[in-house]
Structure formats: structure tokens, C-alpha cells
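The next block holds one structure in the form of C-alpha cells; read it before the comments.
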Amino acid sequence: EDKIKYKALYLQTAKPYTQQLVDTFAAFVSGNVDDEKIDIAHRAAHSLAGQSQMMEYEKLGNLSYLIEETLRAKKEGTIALSPELLSILSNTVQRMNSSLVEIETNDKEIDLSQEVLELEKVTGIKLSDRVNK
């Protein structure tokens, strides 16, 4: 019952977070990478991860977490935003948007496991590490 009550609020905040990620990754692809943009995207991914987990949208929460950790690694200088990684991140956020539409219309997430596997493979960051934090 509470989930239904808060679903509209979740969607109202989740959509702008994914848009921030879309915009930031598009800027990165065009070579416009700076600390401020990384911080904005990191906060958006962090917020989306927490809200999604709270709403029990685990697939979105897990994927948001991986994006958050990828951006944290970039901030710390332990990962580079290669063209391959940027392509995966851009595609991933589009799939997250599709999942939000599915949640809005049918109250269920889409399968995001392929996106998780791709990010894990390219970044070396594992979702299983989340449990250990």
C-alpha cells in the first residue's frame, strides 16, 4: 500500500536523475568531462540507487549503484571513461528510462541483468561487492 502511495513521488524524482545521467554522459561523449559534471552524475546515480532500493526496485537500484561506483572510481582516478564505457553507460541509462516507463505503466521493472554484466565486465566493479560494504 505504501509502495503505491509513493510510486508517483519516486517517478517524479527518478526521471530527472536519469535525465541528468543522460545529459552528463552525452557531454562526456563529446569530450566535455569535468569534476562538476562527474559530481552531478555521481549524486544522481547515488540518489537513484537509494530511492530505487527503498521502493524495492532492485534492478534499477543495483544498476544505479554500479554507475555510482563507476563515477566514484573516475573521481578517484582508478578508471578511465573510455569510448566503450561511455557507450555502455549511455545505453544503460536509456534502458533505465525504459524501466521507469514500465514501472509507471505496469508497476514492474524490466530485466537489466545484461547491463549489469556489461558494466561489471568493463569496469571490474562487481555488484557482489555492495554486500561487503
Side-chain angles (χ1 to χ4, degrees):
E1 189 175 305
D2 282 341
K3 188 174 179 180
I4 295 168
K5 181 178 174 183
Y6 292 108
K7 182 176 130 179
L9 180 59
Y10 167 78
L11 291 168
Q12 183 181 356
T13 57
K15 289 177 184 180
Y17 289 140
T18 58
Q19 189 58 53
Q20 283 179 335
L21 293 172
V22 166
D23 294 344
T24 303
F25 295 150
F28 291 172
V29 167
S30 66
N32 189 1
V33 180
D34 62 45
D35 290 342
E36 182 181 357
K37 284 181 181 57
I38 293 168
D39 287 341
I40 289 168
H42 182 261
R43 279 192 303 274
H46 174 78
S47 297
L48 187 58
Q51 290 178 2
S52 297
Q53 290 293 336
M54 186 180 302
M55 289 295 294
E56 298 177 356
Y57 297 127
E58 290 187 26
K59 295 169 187 166
L60 266 167
N62 288 338
L63 195 51
S64 299
Y65 167 79
L66 284 176
I67 293 171
E68 173 189 0
E69 289 302 303
T70 299
L71 293 166
R72 179 188 320 276
K74 170 60 181 157
K75 285 171 59 169
E76 293 171 352
T78 59
I79 198 168
L81 295 177
S82 68
E84 179 187 18
L85 178 54
L86 287 173
S87 176
I88 290 169
L89 288 169
S90 296
N91 292 337
T92 294
V93 176
Q94 294 304 325
R95 290 280 292 159
M96 292 167 73
N97 277 328
S98 296
S99 193
L100 290 173
V101 169
E102 190 68 17
I103 288 168
E104 187 170 29
T105 57
N106 298 315
D107 200 32
K108 63 179 181 179
E109 296 180 86
I110 61 174
D111 182 10
L112 298 169
S113 58
Q114 187 62 39
E115 288 75 13
V116 167
L117 291 174
E118 287 178 354
L119 268 177
E120 286 181 330
K121 180 180 175 186
V122 172
T123 64
I125 299 167
K126 301 294 181 200
L127 191 55
S128 58
D129 293 344
R130 186 176 200 179
V131 178
N132 300 326
K133 286 191 172 190

Looking at Leu66 and Leu119, what are the two nearest heavy atoms and their distance? CB-CD1, 4.1 Å

Taking only Lys NZ, Arg NE, NH1 and NH2, and the carboxylate oxygens of Asp or Glu, determine whether Arg95 and Glu102 approach each other closer than 4.0 Å. no

Run the salt bridge (charged side-chain N to carboxylate O under 4.0 Å, His left out) check on Lys75 and Asp35 step by step: do they pass? CA-CA 7 Å; Lys75 285 171 59 169; Asp35 290 342; over 6 Å; no

Are any of the side-chain nitrogens in Glu118 or Lys121 under 4.0 Å away from the carboxylate oxygens of its partner? no

Side chain to side chain contact (heavy atoms under 4.5 Å, CB included) for Tyr57 and Leu48? Distances and angles first, verdict last. CA-CA 10 Å; Tyr57 297 127; Leu48 187 58; over 6 Å; no

If only atom types and distance count, is the side chain of Thr18 paired as donor or acceptor with the main-chain N or O of Lys15 below 3.5 Å? yes

Is it true that a side-chain atom of Ser87 and a backbone atom of Pro83 form a donor plus acceptor pair closer than 3.5 Å? no

Is there a side-chain contact between Phe25 and Thr92, using heavy atoms and a 4.5 Å cut-off? no

At what distance, to the nearest 0.5 angstrom, does CD of Glu36 lie from OG1 of Thr24? 9.5 Å

Nearest heavy-atom contact between Ser52 and Tyr10 is OG-OH, 2.8 Å

Please give me the minimum heavy-atom distance between Ser99 and Ile110, naming the atom from each residue. OG-N, 3.2 Å

Where does the angle between the aromatic ring planes of His42 and His46 fall among parallel (under 30°), tilted (30 to 60°) and perpendicular (over 60°)? parallel

Looking only at side-chain N and O atoms, does Gln51 offer a donor or acceptor that is under 3.5 Å from a partner on Thr13? yes

Could you tell me if the side chain of Val22 sits less than 4.5 Å from the side chain of Ser90, heavy atoms only? no

What one should report as the nearest heavy-atom pair of Leu21 and Ala41 is CD2-O, 3.4 Å

Does some side-chain heavy atom of Asp34 sit less than 4.5 Å from a side-chain heavy atom of Lys37? yes

Between Ala49 and Tyr65, which heavy-atom pair has the shortest distance, and what is it? CB-N, 3.8 Å

Could you verify whether a donor N or O on one side chain and an acceptor N or O on the other, from Asn32 and Ser30, lie under 3.5 Å apart? no

Any ion pair linking Arg72 and Glu68 (charged N to carboxylate O, less than 4.0 Å)? yes

Any carboxylate oxygen within less than 4.0 angstrom of a Lys/Arg side-chain nitrogen, looking at Lys59 and Asp111? no

4.5 Å side-chain heavy-atom contact, Ile88 and Thr123: no

For the residue pair Ser128 and Glu120, what are the closest heavy atoms and their distance? N-OE2, 4.4 Å

Is there a side-chain contact between Lys108 and Ile103 (heavy atoms, below 4.5 Å)? no

Point-to-point distance, once rounded to the nearest 0.5 Å, from OG1 of Thr78 to CD of Glu69: 9.5 Å

Would a single hydrophobic cluster contain both Leu11 and Met54, if residues Ile, Leu, Val, Met, Phe, Trp and Tyr are joined by side-chain heavy-atom contacts under 4.5 Å? no

Side chains of Asn97 and Gln19: donor-acceptor distance under 3.5 Å anywhere? no

Value for CG (Leu9) from CE (Met55), rounded to nearest 0.5 Å, stands at 8.5 Å

Strictly distance-based, threshold 3.5 Å: is any side-chain N or O of Glu109 a donor or acceptor partner for the main-chain N or O of Leu60? yes

Do Ile40 and Leu86 share a hydrophobic cluster, counting only Ile, Leu, Val, Met, Phe, Trp and Tyr and linking them when any side-chain heavy atoms are less than 4.5 Å apart? no

Please tell me if the side chains of Met96 and Ile67 come closer than 4.5 Å, counting only heavy atoms from C-beta onward. yes

